Amino acid sequence: MTIIASLLRNAQLPESPTERLDAELLLAAAIGKSRSYLHTWPERIVSSEDAQRYADYLQRRRGGEPVAYILGQQGFWKIDLEVAPHTLIPRPDTELLVETALELQPASPAKVLDLGTGTGAIALALASDRPAWQVTAVDRVEEAAALAERNRQRLGLGNAQVRVSHWFDSLAGERFDLIVSNPPYIAAADPHLVAGDVRFEPSSALVAGADGLDDLRVIAAQAPAHLLPGGWLLLEHGYDQAASVRALLAEQGFIEVASRTDLGGHERITLGRLPC
């Protein structure tokens, strides 16, 4: 017989920076309980089937596979999302983009666009907090768009829609009050691409040319044609790219250009407003 406390004690995930948390999340999923259950009932016996499932999860994590992919889900903002290997895993840093968008736009009706939506994290977080908004989420990868649509349906967000589009390609003539995006922004030769959880994520959602700015350039150049007068563009980018992104927005005629810092003190997002 094996008990919960013993399984957690012997998890052995030394390569993970969040070893204890990973072990708890994987065990809770394996036995179909919450993490609080593990702490409340550490002496409870775990069935051989559940113990084997947990062992399989641990083996995958030791191989570097992200916990979110193993479990097929990830929390973001106030919602839980299905995730899969053809989409990025939503990260806490991206919640700054959501916070800023909510600050800029009141709760009154607005048209909002999320470019490169992946799981739908940004779009669905905004739609859940602003029922009066009409949120459009697009992704060029059909599997990603289908995943975002499943998340939308499960969350019951009728004020959001998901479409297939490579940036603005399928949005001719459409204009929005607010455009947000967390596009690829990693340079092709960045050594982080072969380390940690990123190894398992799709390179198409991470890499954007030699300097990591290719997709940010496209969005900055094309966004003015899809914004209403006075509309905002919000972009997530790398920790060292803020000055470059500010310059891109200024070149396209955006005003009130500024950057916001994340919890780590890095300039993580840059925003600009289209003149009225």
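Here the structure is a predicted model, which is why all the values come from computation and not from measurement.
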- Query: Arg152 versus Glu149: any side-chain heavy-atom pair under 4.5 Å?
  - Reply: yes
- salt bridge (charged side-chain N to carboxylate O under 4.0 Å, His left out) with Glu19: which residues, sequence neighbours excluded? none
- Query: Residues in salt bridge (charged side-chain N to carboxylate O under 4.0 Å, His left out) with Glu24, at least two apart?
  - Reply: Arg20, Arg35
- Query: Do Leu8 and Leu27 come close enough that some side-chain heavy atom pair is under 4.5 Å?
  - Reply: yes
- Looking at side-chain heavy atoms only, is the closest gap between Pro42 and Ile3 below 4.5 Å? no
- Message: Any carboxylate oxygen within less than 4.0 angstrom of a Lys/Arg side-chain nitrogen, looking at Glu174 and Arg163?
- Response: yes
- Message: For Leu115, is there any backbone N or O sitting under 3.5 Å from a side-chain donor or acceptor partner on Ser181?
- Response: yes
- Report yes or no: does Asn159 contribute a side-chain atom to a donor-acceptor pair with the main-chain N or O of Gln134 at less than 3.5 Å? no
- Message: Treating Arg268 as the side-chain partner and Thr261 as the backbone partner, does any N or O pair qualify as donor plus acceptor under 3.5 Å?
- Response: no
- Query: Do Asp211 and Arg217 sit within salt-bridge range, that is, some charged N less than 4.0 Å from a carboxylate O?
  - Reply: yes
- Query: Hey, which of Arg246, His237, Gln241 is the one that makes side chain to side chain donor-acceptor pair (under 3.5 Å) with Ser259?
  - Reply: Arg246
- Arg150: side-chain contact (heavy atoms from CB on, under 4.5 Å) partners, not counting sequence neighbours: Glu82, Ala146, Leu147
- Tyr69 and Arg60, any side-chain heavy atoms less than 4.5 Å apart: no
- Task: Check whether any side-chain N or O of Asp177 sits under 3.5 Å from a backbone N or O of Gly231 as a donor-acceptor pair, and report yes or no.
- Result: no
- Item | Phe168: partners by ring-ring contact (aromatic ring centres under 6.0 Å, His included), with sequence neighbours left out | His226
- Message: Main chain of Ser170, side chain of Ser165: is a donor-acceptor contact present, judged purely on distance under 3.5 Å?
- Response: yes
- Message: Within the 4.5 Å heavy-atom criterion, are Arg61 and Val67 side-chain neighbours or not?
- Response: yes
- Item | Leu13 backbone acceptor or donor facing Ser16 side chain under 3.5 Å | no
- ILVMFWY network linking Leu213 to Leu249, side-chain heavy atoms under 4.5 angstrom: yes
- Query: Taking the side chain from Arg175 and the backbone from Gly173, do they hold a donor-acceptor pair closer than 3.5 Å?
  - Reply: no
- Glu103, CD: over 12 other non-hydrogen atoms inside 6.0 angstrom: yes
- Take Arg260 and Glu99 through the salt bridge (Lys or Arg N to Asp or Glu O under 4.0 Å) test and state the conclusion after the steps. CA-CA 11 Å; Arg260 301 277 180 91; Glu99 291 175 3; over 6 Å; no
- Item | Backbone N/O of Ser36 and side chain of Thr40: donor-acceptor pair under 3.5 Å | yes
- Side chains of Phe176 and Leu228 in contact at under 4.5 Å (non-hydrogen atoms): no
- Note on the structure: The remaining residues in the hydrophobic cluster of Phe76, counting side-chain heavy-atom contacts under 4.5 Å among Ile, Leu, Val, Met, Phe, Trp and Tyr, are Trp77, Ile79, Leu81, Leu96, Leu97, Val98, Leu102, Leu104, Val112, Ile122, Leu124, Leu126, Trp133, Val135, Leu155, Leu157, Leu178, Val180, Trp232, Leu234, Ile269, Leu271
- Item | Pair listing, ring-ring contact (aromatic ring centres under 6.0 Å, His included) test, anchored in residues 14-34, at least two apart | none
- Please confirm whether the backbone N or O of Leu21 pairs with a side-chain atom of Thr18, one donor and one acceptor, at under 3.5 Å? no
- Message: Pair Asp50, Arg53 - check salt bridge (Lys or Arg N to Asp or Glu O under 4.0 Å), show working.
- Response: CA-CA 5 Å; Asp50 288 347; Arg53 186 180 301 110; 2.6 Å; yes
